[in-house]
Undergrad: 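Here it is, the structure in full.
Here is the naming used below: chain letters follow the sequence lines, and residue numbers restart at 1 for every chain. Computed from heavy atoms alone, side chains included, the values below leave out hydrogens, waters and symmetry copies. Not measured: the values here are computed from a predicted model.
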2 protein chains.
Amino acid sequence: MAENMVELNLDLGNFFSRHAGQSPRPRCPAPFLLKTYDLLEEGGAEEDGSKIVSWNSEGTGFVVWSPAEFSELTLPRYFKHNNFSSFIRQLNTYGFKKTSSKRWEFQHEKFQRGCRHMLVDITRKKREPSVFPSYLKSSSEENATMTSNSTEESKDYHELLMEENKNLKKERLELQTQIAECKSLQMKLLDCLSQFMDKHQNKVRKTC
Amino acid sequence: MAENMVELNLDLGNFFSRHAGQSPRPRCPAPFLLKTYDLLEEGGAEEDGSKIVSWNSEGTGFVVWSPAEFSELTLPRYFKHNNFSSFIRQLNTYGFKKTSSKRWEFQHEKFQRGCRHMLVDITRKKREPSVFPSYLKSSSEENATMTSNSTEESKDYHELLMEENKNLKKERLELQTQIAECKSLQMKLLDCLSQFMDKHQNKVRKTC
DNA sequence: GGGAATATTCCC
DNA sequence: GGGAATATTCCC
């Protein structure tokens, strides 16, 4: 059914959110999420009636009933690979949780049957770009000061600093513009003055 | 011929170079380079004798004679896509240069016919992980102060951010001072002008 | 050409 | 599960 769907879902229209600082919510969901959702809608029922992958009974998550067939048959129709582990890696990247030890079931609060629109609320876990390679970081908690106020509500230190810096740069640009205008006006005034000088050379030499 | 070669060239054994800081030379070349080299060895001669892609006559670079066929036939046998532009992007990442405006010819000092072993000397241009999003960077060099003591060893994210923040505030103060001086000078000039006006009211009314 | 986001791979 | 390198895409 979705034979030619693999190359669709180009995320055109992400442009506006991309360079907008703290994009609060992208206009369209990540391709990975759309493909995973669509792959479930399609169902993938086998000839014998068994399923390869499907929503769980409540529609609050999904189950890969046959990882082998899922990898060989389903994945390459939606992605550029047929590795179950790469699929899992993506699920983790987007914050899905494995919710059963007995079967391959995954859930995400915002990934629900019938709620394709909610996918926009699912974002990648952002690894904040650190200057230090992770293997040089101390694993102990001596850095606790940095993460002290733990509530995820308030913007963290980085974001606040970055936001202030962004504003400062904007302000700098405005000030530089002001200075340019100032200097331009100065030139005009000086021109004007020199014209006076020329015309009233003798009389006004010592006025200023 | 190379039907099943696509998934080979896994870079096992790169472990030792990976976590070693400035890995001086990886044990094996990047998959992209091996594939590109191999794809040239294979040749890709057409039925009619024309070539899709080949080494140049000196063996110092290669030419894609038919981008369309190269994209449709060659690329997907070695890579997970059939986009010429993605291939070009990779060439740029590894420092290849387009060496002709008339045909799709590319060269890299270390990419020579018969020298598969030299591929280990070709490395990705490393975007050194910058703390600041590029769209916040001033394009001019006014921030030179920030990278003054250039040794990349010290300073983490917070420190860099705070330092930039501090510098921005200092800069703001300087700009504000400049503006104040500018305005002060303007006032003087205007004063001066008005004195002229007063003194030569009748004569010079239309000079400016 | 290249920056940066997302995808895929590899390893811990 | 997740860090990090490489690959692919998208945009400037």
Undergrad: Contact class for A:F96 vs. all strands (heavy atom < 4.0 Å): base, sugar-phosphate, or nothing?
TA: nothing
Undergrad: Would you indicate which nucleotide in C:dG1, D:dA7, C:dT8 comes nearest to any side-chain atom of B:K125?
TA: C:dG1
Undergrad: Report yes or no: do A:E41 and A:W55 form a side-chain donor-acceptor pair below 3.5 Å?
TA: yes
Undergrad: Check every atom of C:dT9, C:dT6, D:dA7 against the side chain of A:H81 and return the nucleotide holding the closest atom.
TA: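 Out of C:dT9, C:dT6, D:dA7, the nucleotide with an atom closest to A:H81's side chain is C:dT9.
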Undergrad: Side chain of A:N83, heavy atoms from C-beta onward: which of D:dA7, D:dT8, C:dT9 has the nearest atom to it?
TA: C:dT9
Undergrad: Look up atom NZ in B:K125 and atom OH in B:Y94, then write down how far apart they are to the nearest 0.5 Å.
TA: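 Reported value, rounded in 0.5 Å steps: 12.5 Å.
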Undergrad: Mind calculating the distance between OH (B:Y78) and C1' (C:dT8) to the nearest angstrom?
TA: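 Answer to the nearest Å: 21 Å.
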Undergrad: With ring centroids as reference points, do B:F70 and B:W104 lie under 6.0 angstrom apart?
TA: no
Undergrad: Quick one, which residues of residues 85-92 of chain A touch DNA chain D with a heavy atom under 4.0 Å?
TA: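 Listed by number, they are A:R89, A:N92.
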Undergrad: Report yes if a side-chain nitrogen or oxygen of B:Y94 is closer than 4.0 Å to either non-bridging phosphate oxygen (OP1 or OP2) of D:dA7; otherwise report no.
TA: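 Yes.
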Undergrad: Take the protein atom CZ of A:F32 and the nucleotide atom C1' of D:dT8, then report the distance between them rounded to whole Å.
TA: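 Rounded to the whole Å, the gap is 16 Å.
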Undergrad: Does a side-chain N or O of B:K80 approach OP1 or OP2 of C:dT9 to a distance below 4.0 Å, or not?
TA: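 Affirmative; the distance criterion is met.
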Undergrad: Do the side-chain N and O atoms of B:S85 and B:R89 include a donor-acceptor pair separated by under 3.5 angstrom?
TA: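 Note: B:S85 and B:R89 side chains miss the donor-acceptor criterion.
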Undergrad: Under 6.0 Å between ring centres: does that hold for B:F32 and B:Y78?
TA: no
Undergrad: Quickly work out the B:R124 CZ to D:dA5 P distance and round it to whole Å.
TA: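 Taking CZ of B:R124 and P of D:dA5, I get 10 Å after rounding.
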Undergrad: Can you tell me how far apart CG (A:L119) and NE2 (A:H108) are? Round to the nearest 0.5 Å.
TA: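 The distance works out to 9.5 Å.
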Undergrad: With DNA chain D as reference, determine whether A:K98 or B:T93 sits nearer its 5' end, using the nearest nucleotide of each.
TA: A:K98
